[in-house]
A.B. asks: 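Here it is, the structure, as structure tokens.
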Amino acid sequence: MNRIVMHIDVNNAFLSWTAVYLLTQGSKYDIRKSYAVIGGDESSRRGIVLAKSDSSKKLGIITGETLYSARKKCPSLRTYPMNYEFYQKMSNMLFCLIKTYSPDIEIASIDECYLEYTKVRNLYGDELEFAKKLQKEVYEKLGFTINIGIANNKLCAKMASDFTKPNKIHTLYDNEIKDKMWCLPINDLFGIGKKTTEKLLQLNIKTIGELANSNRNNLYKYFKNMAGAMIDSANGINNDLVISEEVENKGLSNEITLIKDVSSKQDIYPYLLKLSEKVGIRVRKMDKYAYTVAVIIKDSSFKRRTHQKKLVNPTNLNNEIYEVSKKIINEMWNDDPVRLIGIRLDNLVSNINYQTSLFENIKIRENNTELEKTVDKLKEKFGDKVIH
DNA sequence: TCTGGGGTCCTAGGACCC
DNA sequence: TCTGGGGTCCTAGGACCC
């Protein structure tokens, strides 16, 4: 029997969820039916479109563009702020509902997941009928619409859920790939972004079909090891499994766009301190230690740079992260204006094997970790200001 | 009052070792 | 006396995704 995989995707997730939120707050007005977007805060230089309604989309507004530019396309545009906590709640409710049918789902992001249907087909029958029922149930219980893609593997299911929106179900079985996918422009293929699209167009490869039938050796010259994977994708070939266990993050980062460009060490240090605390809390919560600390900066022309340091002994202490990040910024930065600053922790491990520390030092560090964890809990309970 | 924040994976070069 | 080849680790940057 053929494998059956579904990809389930919330339509305009952030905007739909804010619409649901406003309706539960008694609003009589559904922002999904108007010229609306979810946008960042312009006064703190985060003014971009994060999600848009279908009518905004029809006017050419795209995710990622500035609100300034979106407003030029639609002067009457209404913008709403993010409500991340509520989004997380809606996301959890959606996945819980889907899990009542099968535990075999992979959460791919806050608003999409894969469902391995092969094993439960005996239970629920025809996949198309099942998808219709699921779609209806989600709308009735949670108040928003989803797209469902049905195919014989993850990639094709993902492609299918993206065909037309909203509230649609599409199939892209192996025998439909030529008809339904090969006519699409090359940038519609999952994994092909802006840069690769530009290169492919230069080679006169414009559609997924043209990529599917390209010469492997020829493409190898331009894309190296990527070439084979690209051609396979274009042919709808994909063997990825639906992985239901939650995989732990490989690393974690926090970054912040500054209200104003900063060009002195003294002004950047307080941000580094704040970020050290933020990533510190997160890594301690995971019960992990980081071997690598990286500092990320974005300059006034939006060029990103990173520098990192590998530690002899991994850490999860605010103060150690802060001291290392100060060292890094001093090495990498000569006070040119900076727009964004971030800290990333990588090479996370669960256990510490101290290479150089004496027993007493280990004791002290373990005590510090315990102390900081206690502070984390107090802050969580009573707010940031409880301890100075 | 122009351009977010959080991730993943891959590549290429240099250092170092045998 | 005149330069191989393979492997690993580390670093910086790029591409992509939501």
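Being a predicted model, the structure only gives us computed values, none of them experimental. Every chain is numbered from 1, with letters handed out A, B, ... down the list of sequences.
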A.B. asks: Looking for any heavy atom pair under 4.0 Å, which part of the strands does A:G191 touch: base, sugar-phosphate only, or nothing?
C.D. replies: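 Touches sugar-phosphate only.
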A.B. asks: What is the nucleic acid contact for A:I192, judged by heavy atoms within less than 4.0 Å: base, sugar-phosphate only, or nothing?
C.D. replies: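 A:I192: backbone/sugar contact only, no base atoms under 4.0 Å.
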A.B. asks: Checking understanding here: a glycosidic angle within 90° of 0 is syn, the rest anti, so what is B:dC2?
C.D. replies: syn
A.B. asks: Taking any heavy-atom pair under 4.0 Å as a contact, classify A:K199: base, sugar-phosphate, or nothing.
C.D. replies: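 Here A:K199 touches no strand at all.
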A.B. asks: Counting heavy atoms from C-beta on, name the nucleotide in B:dG6, C:dC16, C:dA12 closest to the side chain of A:T196.
C.D. replies: C:dC16
A.B. asks: Counting only side-chain N and O atoms of A:T257, is one of them less than 4.0 Å from OP1 or OP2 of B:dG5?
C.D. replies: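 Checking A:T257 against B:dG5: at least one side-chain N or O falls below 4.0 Å of OP1 or OP2.
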A.B. asks: Is the phosphate of B:dG5 approached by A:N254 (side-chain N or O, under 4.0 Å from OP1 or OP2)?
C.D. replies: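 For B:dG5, neither OP1 nor OP2 has a side-chain N or O of A:N254 closer than 4.0 Å.
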A.B. asks: Look at the side-chain N and O atoms of A:H307 and state whether any lies under 4.0 Å from the OP1 or OP2 oxygen of C:dT11.
C.D. replies: no
A.B. asks: With respect to the phosphate group of B:dG4, does any side-chain polar atom (N or O) of A:K298 fall under 4.0 Å of OP1 or OP2?
C.D. replies: yes
A.B. asks: Counting side-chain heavy atoms from C-beta on, which of B:dT8, B:dT3, B:dG5 comes nearest to A:K250?
C.D. replies: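 Ranking B:dT8, B:dT3, B:dG5 by closest atom to the A:K250 side chain puts B:dT8 first.
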A.B. asks: Mind calculating the distance between CD (A:E198) and C1' (C:dG14) to the nearest angstrom?
C.D. replies: 13 Å
A.B. asks: Give a yes/no answer on whether the side chain of A:R46 brings an N or O atom under 4.0 Å of OP1 or OP2 in B:dG5.
C.D. replies: yes
A.B. asks: Pick the P atom in C:dT3 and in B:dC17, then give their distance to the nearest Å.
C.D. replies: 23 Å
A.B. asks: Check whether any side-chain N or O of A:K195 sits under 4.0 Å from OP1 or OP2 of B:dT11, and answer yes or no.
C.D. replies: no
A.B. asks: Tell me which nucleotide among B:dT8, B:dA12, B:dT3 gets nearest to the side chain of A:N249.
C.D. replies: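 The nucleotide sitting nearest to the side chain is B:dT8.
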A.B. asks: When you compare the side chains of A:T171 and A:E176, does any donor N or O come within less than 3.5 Å of an acceptor on the partner?
C.D. replies: yes
A.B. asks: Under 4.0 Å, counting only non-hydrogen atoms across every strand here, what does A:K158 touch: a base, just sugar-phosphate, or nothing?
C.D. replies: sugar-phosphate
A.B. asks: With a non-hydrogen cut-off below 4.0 angstrom, is A:R71 in contact with a base, only sugar-phosphate, or nothing?
C.D. replies: nothing
A.B. asks: Starting from the C-alpha separation in whole Å, work towards a yes-or-no answer on side-chain hydrogen bond (donor to acceptor under 3.5 Å, both in side chains) for A:N147 and A:S161.
C.D. replies: CA-CA 6 Å; A:N147 257 39; A:S161 73; 6.0 Å; no
A.B. asks: To the closest 0.5 Å, what do you measure between CZ (A:R339) and CZ (A:R304)?
C.D. replies: 11.5 Å
A.B. asks: Would one find a side-chain N or O of A:R304 under 4.0 angstrom from OP1 or OP2 of C:dA12?
C.D. replies: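 A:R304 to C:dA12 OP1/OP2: no side-chain N or O under 4.0 Å.
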A.B. asks: Between A:S27 (side chain) and A:L23 (backbone), is there a donor-acceptor pair under 3.5 Å?
C.D. replies: no
A.B. asks: Before accepting this row, confirm whether a basic side-chain N of the pair A:R284/A:D376 lies closer than 4.0 Å to the acidic partner's carboxylate O.
C.D. replies: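 Counted as a salt bridge, because a side-chain N and a carboxylate O are separated by less than 4.0 Å.
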A.B. asks: Quick one: is C:dC10 close enough that its OP1 or OP2 comes under 4.0 Å of any side-chain N or O from A:K310?
C.D. replies: yes
A.B. asks: Could you check which nucleotide pairs with B:dC16 in any of the strands shown, counting Watson-Crick or G-U wobble with both distances under 3.5 Å?
C.D. replies: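 The answer is C:dG7, by the H-bond criterion.
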A.B. asks: Checking all strands, does A:L252 fall into the base, sugar-phosphate, or nothing category for heavy-atom contacts under 4.0 angstrom?
C.D. replies: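 Answer is sugar-phosphate: A:L252 comes under 4.0 Å of backbone atoms only.
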A.B. asks: Check the phosphate of B:dT8 against A:R344, side-chain N and O only, distance under 4.0 Å to OP1 or OP2. Yes or no?
C.D. replies: yes
A.B. asks: For A:Y101 and A:F130, I'd like to know if the aromatic rings sit close, meaning centre-to-centre distance below 6.0 Å.
C.D. replies: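 Ring centroids of A:Y101 and A:F130 are less than 6.0 Å from each other.
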A.B. asks: Regarding A:T306, tell me which of base, sugar-phosphate or nothing describes its non-hydrogen contacts under 4.0 Å with the strands shown.
C.D. replies: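 Sugar-phosphate only.
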A.B. asks: From C:dA12, B:dG5, B:dT3, pick the nucleotide closest to the side chain of A:R339?
C.D. replies: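 My answer, after comparing the listed nucleotides, is B:dT3.
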